[in-house]
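Here's the structure, in structure tokens; my notes come after.
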Amino acid sequence: MPAKPSHQLNTFDNPSPGRDYLIHMEIPEFTCLCPMTGQPDFARLVLDYVPDRKCLELKSLKLYIWSYRNQGAFHEAVTNRMLEDLAGATRPRFMRLRAQFNVRGGIFTTVVAEQRKKGWKPQATVELQRFETSSGNLSGRTD
């Protein structure tokens, strides 16, 4: 049975709730429709979050992202709505969604929306020396 787009977001228990750690996801093929022209808008989504009790299940995230394919939405509205839905499902300590929309009319648009759990403060980052990797798949990028 083929999968279908869905607004249902599934979660699972955080396996390490006593530790702050970052989950980074890149979604390079987001599409929705321009509400003014009906033409497709394409974006690369970058989701970063520090989970609290729940983590996002990836298949449901994929189907959720797919559910926007035929919906008309302004860039600002769709980014903020997705953040509300994603944060609502997981109640993270911190979540940031960066939507980098492809050029339209000579203009690139990037919308960044964040949500932080009340009272949560990130731990100090420990900077370690970075080394070049041998694999082309491990770029050491931090974006």
Sub-4.5 Å side-chain heavy-atom contact between Thr11 and Glu57
no
Working for side-chain contact (heavy atoms from CB on, under 4.5 Å), residues Phe12 and Thr90:
CA-CA 9 Å; Phe12 60 92; Thr90 58; over 6 Å; no
Over 12 foreign heavy atoms within 6.0 Å of CD, Glu76:
yes
Can you give me the closest heavy-atom contact between Pro92 and Ala87, atom names plus distance?
CD-O, 3.5 Å
Tell me whether Leu47 is reachable from Tyr21 by hopping between hydrophobic residues (I, L, V, M, F, W, Y) whose side-chain heavy atoms are closer than 4.5 Å.
yes
Taking all non-hydrogen atoms of both residues, which atom of Ser67 and which atom of Pro5 are closest, and how far apart?
CA-CB, 3.6 Å
Tell me, do Thr109 and Phe74 make a side-chain contact under 4.5 Å, heavy atoms counted?
no
Pair Arg116-Arg93, side-chain contact (heavy atoms from CB on, under 4.5 Å): steps then yes or no
CA-CA 6 Å; Arg116 183 181 309 255; Arg93 294 173 189 166; over 6 Å; no
Do Leu56 and Val46 sit in one hydrophobic cluster, given that two such residues count as connected whenever their side-chain heavy atoms are within less than 4.5 Å of each other, even indirectly?
no
Approximate separation, where rounding is to 0.5 Å, of Trp66 CH2 and Thr31 OG1:
10.5 Å
So OH of Tyr64 and CD of Gln8: to nearest 0.5 Å the spacing works out to 11.5 Å
Hey, is Arg91 close enough to Asp52 for a salt bridge, meaning N to O under 4.0 Å?
no
Without hydrogens or angle criteria, can the side chains of His75 and Asp41 be said to hold a donor-acceptor pair below 3.5 Å?
yes
Can you tell me how far the CD atom of Gln71 sits from the CG atom of Leu33, to the nearest 0.5 Å?
8.5 Å
Distance check, rounded to the nearest 0.5 Å: Leu63 atom CG versus Leu9 atom CG?
9.5 Å
Is it possible for you to say whether Tyr68 and Val111 belong to one hydrophobic cluster, with membership spreading through side-chain heavy-atom contacts below 4.5 Å?
no
If I compare all heavy atoms of Cys55 with all of Asn14, which pair ends up nearest, and what's the gap?
SG-CA, 3.9 Å
Give the minimum heavy-atom separation between Pro35 and Ala73, together with the two atoms involved.
CD-O, 3.4 Å
When rounded to the nearest 0.5 Å, the distance separating CE of Met95 from CG of Leu86 is 5.5 Å
Do Arg69 and Cys32 touch side chain to side chain, with heavy atoms closer than 4.5 Å?
no
On a heavy-atom basis, the closest approach of Lys121 and Asp20 is O-OD2, 4.4 Å
To the nearest 0.5 Å, atom CE of Met82 lies from atom CD of Glu84 at 11.0 Å
Do the side chains of Phe94 and Leu97 join up, straight or via other hydrophobic residues, at under 4.5 Å, putting them in one cluster?
no
side-chain contact (heavy atoms from CB on, under 4.5 Å) with Tyr49: which of His24, Gln115, Met25, Arg96?
Met25
More than 12 foreign heavy atoms under 6.0 Å from CZ of Arg81: is that the case here?
yes
Are any side-chain N or O atoms of Ser60 and backbone N or O atoms of Asn10, one a donor and one an acceptor, separated by less than 3.5 Å?
yes
May I ask whether Leu58 and Leu45 are part of the same hydrophobic cluster, defined by side-chain heavy atoms of I, L, V, M, F, W, Y residues being less than 4.5 angstrom apart, directly or through others?
yes
